[in-house]
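For clarity, every value in this text was computed on a predicted model and none was experimentally measured. Just so we're on the same page: letters track the sequence lines, and every chain starts at 1.
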Amino acid sequence: MRELEKVYNPKAVEDGIYDKWEKSGYFNPDNLPRQAKPRQGRGKSFSIVMPPPNVTGTLHLGHAVMLAVEDILIRYHRMRGERALWLPGTDHAAIATQTKVEKLLKERGGKTRHDLGRDKFLDEVDKFITSTKSTIKNQVRKMGSSCDWSREAYTLDEPRSRAVRTVFKMMHDDGLIYRGERIVNWCPGCGSTLADDEVEYKTQKAKFYTFKYSPDFPFAISTTRPETKLGDTAVAVSPKDERYKEYVGKIFKINFVGVPLKIKIIADRSIDMAFGTGALGVTPAHSMADWQMAEKNNLPIIKVIDEQGKIRPGFAEYSGKSTTEAREKIIEKLKAAGLLEKEEEIENNLSVCYRCGTPVEPLPSLQWFIDVNKKILKYKKSLKELSLEAVKKGVFGQKKIKIIPERFEKVYFHWMENLRDWCISRQIWFGHRVPVWYRGAEIYVGVEPPQGEGWKQDPDTLDTWFSSGLWTFSTLGWPEKTKDLKNYHPTSVLETGYDILFFWIARMILMTTYVLGDIPFYNVYLHGLIRDEKGRKMSKSLGNIIDPLDMIEKYGTDAVRLSLVLGTSPGNDTKLSDEKIAGFRNFTNKLWNIGRYVIEKTKGESGNKKLAAKTLAEKWILSRLNSVVNEVTKNLDEFEFSQAGEKLRAFTWDEFADWYIEISKIQSNPSLLVTLYSLLLKLWHPFMPYVTEVLWPNFDEKLLMISDWPKVEKKLVNKKAEKDFEVLKNVVTAIRGMRADYKIEPAKRVSIEIFGGIKTKLLEEQAGIIKTLARVENLVIKKSGTKPEWSVGSVVEGVEIYLPLAGLIDVPKEKARLEKELSEAEKYLGVLENKLFNKAFLANAPKELVAGEKEKLKLQKEKVQKIKDQLKSLS
RNA sequence: GGGCUCGUAGCUCAGUUGGUUAGAGCGUUCGAUUCACAUUCGAAAGGUCGGAGGUUCGAAUCCUCUCGAGCCCACCA
């Protein structure tokens, strides 16, 4: 038998164990041994695809939670005998990675990607990735993740790229992909488009002008950007606004500071009557909101500003001028013409580029889109409809996606119902290049480049979420018809943070229902975000980042995993502190010491196959264990990890260690002890894989990782034994308390046998204790022979101890409570009786209802009687 | 403006469809200690479940209003 250190030292064992697991090959479900006897989940497959961490990133707590939860699921289902596949991968994270490499290049020699050119720049990115990819993968291993590395995928590798091109072509052929104009955030400084999250907002003071376009226009508008008004094609007012009602629908041909405009008056609900004059000049080409209004009202779109931030040709003297110059000039002219009514200072939000600080210019540009409302021929439904039904009522033979926690289904519907066409092109270089080639007026869309000379590929790349949307099936080999795809798709669970519900989960549902005619997964489990102990987001600038790897170093992986899963609930943020992890480290050590004790006491014991109990304590612990197995299994099936862990922790520490182990020191039953112990390790294994594997008695022959999940033996659940043991615990507690001047109130006596030594100390001091008890009022010591009310355990030296149970409960309080309960129960009983005597009710109510009420009445009668009995037994 | 969530012990949170005396961990206080474990063991104190009203025989739980905290989306002319 192995010698175990007094204190568990995770560092000494973790890497070795992970190695052993990985080398065993069991992370790959194809290698799992076939069991002779059928197991609970045999033959079923269970699959999770890992949300791929960014290739260039390092492991953070978000990843750590994800890995902990997914590993619990995989290990649990593997132990159930299922083919459990956890498919790992990494994400190329287009924008983030490109930005990072650009920054590096700048630091190294001040070069931009434009200096290098596309090919050389992408080489640089590749170089960077090869050096960072292994880092993140090793960190995933550190968490104990039992994922199948042989199936590892990368969003930008060839199989995945092929899937992307294939889907693009499919959608294009189905007419779901189109090219159109849309307003993008354009930075004239960097000469590129910006993603929404690359735009920063600065509060600034701005001049807010109120003026009429021309003397013959009936009313004034307000703006901070008069120069864009050169492109106005409408004025929008609130439909409720009485001031302008008469003008709605009319068209005015006017001359605005030397430029002719055709302005239509439209009504739009988004207009705030109280802001400015309540009338908004609509500039479709240079404002996102105005663009939408233009689409709704079929307004012409006039581009005013070009990519350099200058006024385009065709706007009289303003052409070629910068926006600020044009603005000043226009104001001058308006003043001269007496059209400027007001000029005030206001605070507004200016959007600027996060890199160079240049104000962002919204400009229309040509982009690729996915039409979410167009009916797909083979389904006769649109992408939006498919995606909604998948969660709402089920699609494709009623396969339904369940989102946990449920409230996020509402959030999902709300978002999906308001879904607009999805812009999938991005003006960056790193990523999946749009598989479209041009030659003059010819356009070619295909999985492979076209034959022939002179074709030029579209320079844009695809939104990362396009490839991520295919993740559940591209990782399983699609578009090939693979065995994996057949066996493991739809996947069982998709587990991730709620912050990417829209970005990712919604896109996966959208893409998968379209491509496969199937759902991507049955369950979505959304974990919360991890915050610091004050509830703040972790960020570099606050310096409050907890690095999971530091914590693993300090407390061990198992403790870190527990701290991320216990005391958390899905969709809710969790506060994490050093102390919390330390607390779970203590628990890991507790389990370790339970192991030390059991291993030492049960040398040479192999454990029972059949569980049987003789003494009360054994009946009790077996009953409790089976209840716990039952509940924990249920919890894990329902994704209630925290509750499962909490129950296990309470059972392990408060019942198994504090009571059963203490008793086992006197009532020795090594084979039962080692059996219980091995079941306990199995139950804990999904949560804390390392320490349980080290403590596993069969360590050298068979891994705990692939042992069978405990089965519930209903026969062993013994509620009476549990109740009796509770009484016994109370008695022992009372005795302990007495030694510390515990007061026992005189009351009804209950006969209890205290069996031999709950603790060693008690055994040694039995005589003393009995004497102490005898001195207490109302306590009688009798020779055995009389029939005790509860008969528990063995008799101490032939003596029964009559202990006032009331010392353990507050009699007057208990009485008052029961009386209140009785009066309520009797009142309800009366209500039920009245109902059942009511002829009208009996005549009109449906049969089932009457039967139900009768059943209720019966139950209520029993309840009343029970309370009465309890009351009686008290006095 | 639209949507969502939370408010329970000093702190962090459980509390499953309404139903015994509202629970746990940490912290605090008191006590113990060779015998698996000081990363231990025993015990105590601490809550009108944010507030008001309603439904009910019965509400932390359901409904309405209200106060407070936060998140997401849209917008910021």
(request) Sticking with atom C1', work out how far B:C26 lies from B:U34, rounded to a whole angstrom. (result) 30 Å
(request) Report the residue (A:Ile661 or A:Val7) whose heavy-atom-nearest nucleotide on RNA chain B is the more 5′ of the two. (result) A:Ile661
(request) Pick base, sugar-phosphate or nothing for A:Leu566, based on heavy-atom distances below 4.0 Å to the nucleic acid. (result) nothing
(message) With rounding to the closest Å, how many angstrom separate the C1' atoms on B:G42 and B:C6?
(response) 37 Å
(message) Test of understanding: with side chain to side chain contact (heavy atoms under 4.5 Å, CB included), list the residues that count as partners of A:Ala582, not counting sequence neighbours.
(response) A:Tyr555, A:Arg585
Enumerate all atom pairs, one protein N or O and one N or O from nucleotides 55-57 of chain B, separated by less than 3.5 Å.
unit_1: B:C57; atom_1: O2; unit_2: A:Glu824; atom_2: O; d: 3.4

(request) Return the nearest nucleotide to the side chain of A:Asn586; candidates are B:U40, B:U12, B:A36. (result) B:U40
(request) Counting heavy atoms from C-beta on, name the nucleotide in B:C75, B:C41, B:C37 closest to the side chain of A:Asp658. (result) B:C41
(request) For the side chain of A:Ile594, starting at C-beta, report the closest nucleotide among B:A36, B:A14, B:U40. (result) B:A36
(request) Using a strict cut-off of less than 4.0 Å between a Lys/Arg side-chain nitrogen and an Asp/Glu carboxylate oxygen, indicate whether A:Lys634 and A:Glu631 qualify as a salt bridge. (result) no
(message) Just to verify, what does A:Val7 make a side chain to side chain contact (heavy atoms under 4.5 Å, CB included) with, not counting sequence neighbours?
(response) A:Asn589
(message) Closest approach to the side chain of A:Lys575, judged atom by atom: which nucleotide of B:A36, B:U12, B:U39 is it?
(response) B:U12
(message) My understanding is that only residues two or more places apart in sequence, or in another chain, count here; which of them pass ring-ring contact (aromatic ring centres under 6.0 Å, His included) with A:Tyr209?
(response) none
(message) Can you measure A:Gln292 atom CD to B:C75 atom C1' for me and round it to whole angstrom units?
(response) 10 Å
(message) Would you measure the distance from the P atom in B:C4 across to the matching atom in B:C65 and give it in whole Å?
(response) 13 Å
(request) Just name whichever nucleotide pairs with B:C35, Watson-Crick or G-U, keeping both distances under 3.5 Å, else none. (result) none
(request) Using both distances under 3.5 Å as the test, list the Watson-Crick or G-U wobble partner of B:G1, or none. (result) B:C73
(request) Could you tell me whether the side chain of A:His286 and the main chain of A:Glu361 form a donor-acceptor pair under 3.5 Å? (result) no
(request) Using heavy atoms to find the nearest nucleotide of RNA chain B for A:Gly595 and A:Gly281 separately, return the residue whose nucleotide is more 5′. (result) A:Gly595
(request) Taking salt bridge (Lys or Arg N to Asp or Glu O under 4.0 Å) as the test, write out the residues that go with A:Glu826, two or more places apart. (result) A:Lys868
(message) Please classify the nucleic acid contact of A:Lys410 as base, sugar-phosphate, or nothing, using heavy-atom distances under 4.0 Å.
(response) sugar-phosphate
(message) Students often get this wrong, so: under 4.0 angstrom with heavy atoms, is A:Phe208 touching a base, only sugar-phosphate, or nothing?
(response) sugar-phosphate
(request) Quote, to the nearest angstrom, the P distance that separates B:G47 from B:G2. (result) 41 Å
(request) Take atom CZ of A:Phe584 and atom P of B:U12, then tell me their distance rounded to the nearest Å. (result) 16 Å
(request) Take atom C1' in B:G19 and the same atom in B:A59, then report the distance between them in whole Å. (result) 10 Å
(message) Under 4.0 Å, heavy atoms only, any strand: does A:Gln643 hit a base, just the sugar-phosphate, or nothing?
(response) sugar-phosphate
(message) Tell me the interatomic distance from A:Lys590, atom NZ, to B:C41, atom P, rounded to whole angstroms.
(response) 4 Å
Any protein N or O atoms within reach of nucleotides 22-25 of chain B? Criterion: under 3.5 Å, listing atom names and distances.
unit_1: B:A24; atom_1: O2'; unit_2: A:Arg649; atom_2: NH2; d: 3.1

(request) Could you please name the partner base of B:C6, counting Watson-Crick and G-U wobble pairs only when both distances are under 3.5 Å? (result) B:G68
(request) Using the P atoms only, state how far B:U39 lies from B:A52, rounded to an integer number of Å. (result) 46 Å
(request) Say whether, by atom type as modelled, one donor and one acceptor occur between the side chain of A:Arg561 and the main chain of A:Phe687 under 3.5 angstrom. (result) yes
(message) Holding to salt bridge (Lys or Arg N to Asp or Glu O under 4.0 Å), I want the full list of residues that pass it with A:Glu341, two or more places apart in sequence or in another chain.
(response) none
(message) Just to verify, which of A:Leu681, A:Asp558, A:Leu680 counts as forming a side-chain contact (heavy atoms from CB on, under 4.5 Å) with A:Thr692?
(response) A:Leu681
Scan the side chains in residues 275-283 of chain A for donor-acceptor partners under 3.5 Å anywhere in the protein, sequence neighbours excluded, and list what turns up.
unit_1: A:Thr277; atom_1: OG1; unit_2: A:Ala220; atom_2: O; d: 2.8
unit_1: A:Thr277; atom_1: OG1; unit_2: A:Ala279; atom_2: N; d: 3.4
unit_1: A:Thr283; atom_1: OG1; unit_2: A:Lys229; atom_2: NZ; d: 3.2
unit_1: A:Thr283; atom_1: OG1; unit_2: A:Asp232; atom_2: OD1; d: 2.6

(request) Would you indicate what A:Lys580 reaches in the nucleic acid, counting non-hydrogen atoms under 4.0 angstrom: base, sugar-phosphate, or nothing? (result) nothing
(request) Taking ring-ring contact (aromatic ring centres under 6.0 Å, His included) as the test, write out the residues that go with A:Tyr525, two or more places apart. (result) A:Phe641
(message) Regarding A:Thr224, tell me which of base, sugar-phosphate or nothing describes its non-hydrogen contacts under 4.0 Å with the strands shown.
(response) sugar-phosphate
(request) Look at the side chain of A:Arg407 and the base of B:U5, then say whether one donor and one acceptor between them are separated by less than 3.5 Å. (result) no
(request) Find the partner of B:C62: check Watson-Crick (N1-N3 plus N6-O4 or O6-N4) and G-U wobble (N1-O2, O6-N3) distances, both under 3.5 Å, and reply none if neither fits. (result) B:G54
(request) Check A:Leu529, A:Leu576, A:Thr574 against A:Leu61 for a side-chain contact (heavy atoms from CB on, under 4.5 Å) and give me the one that passes. (result) A:Leu576
(message) Considering every strand and a 4.0 Å limit on heavy-atom distances, what is the contact class for A:Ala657: base, sugar-phosphate, or nothing?
(response) base
(message) Rounding to an integer number of angstrom, what distance separates B:G50 and B:C11 when you compare their P atoms?
(response) 13 Å
(message) Going by purine N1 to pyrimidine N3 plus the second Watson-Crick contact, or the G-U wobble pair, all under 3.5 Å, which nucleotide sits opposite B:U20?
(response) none
(message) Rounding to an integer number of Å, can you tell me how far A:Phe641 CZ sits from B:A14 P?
(response) 16 Å
(message) So if I take every side-chain heavy atom of A:Val411 and compare against B:A77, B:G2, B:C4, which nucleotide ends up nearest?
(response) B:C4
(message) Given B:C37, B:C75, B:A14, identify the nucleotide with an atom nearest to the side chain of A:Asn572.
(response) B:A14
(request) Can you tell me, in whole Å, how much space there is between the C1' of B:G27 and that of B:G10? (result) 8 Å
(request) Could you tell me whether A:Thr568 contacts a base, only the sugar-phosphate backbone, or nothing, with contacts defined as non-hydrogen atoms closer than 4.0 Å? (result) nothing
(request) Mind calculating the distance between CG (A:Leu526) and C1' (B:C72) to the nearest angstrom? (result) 13 Å
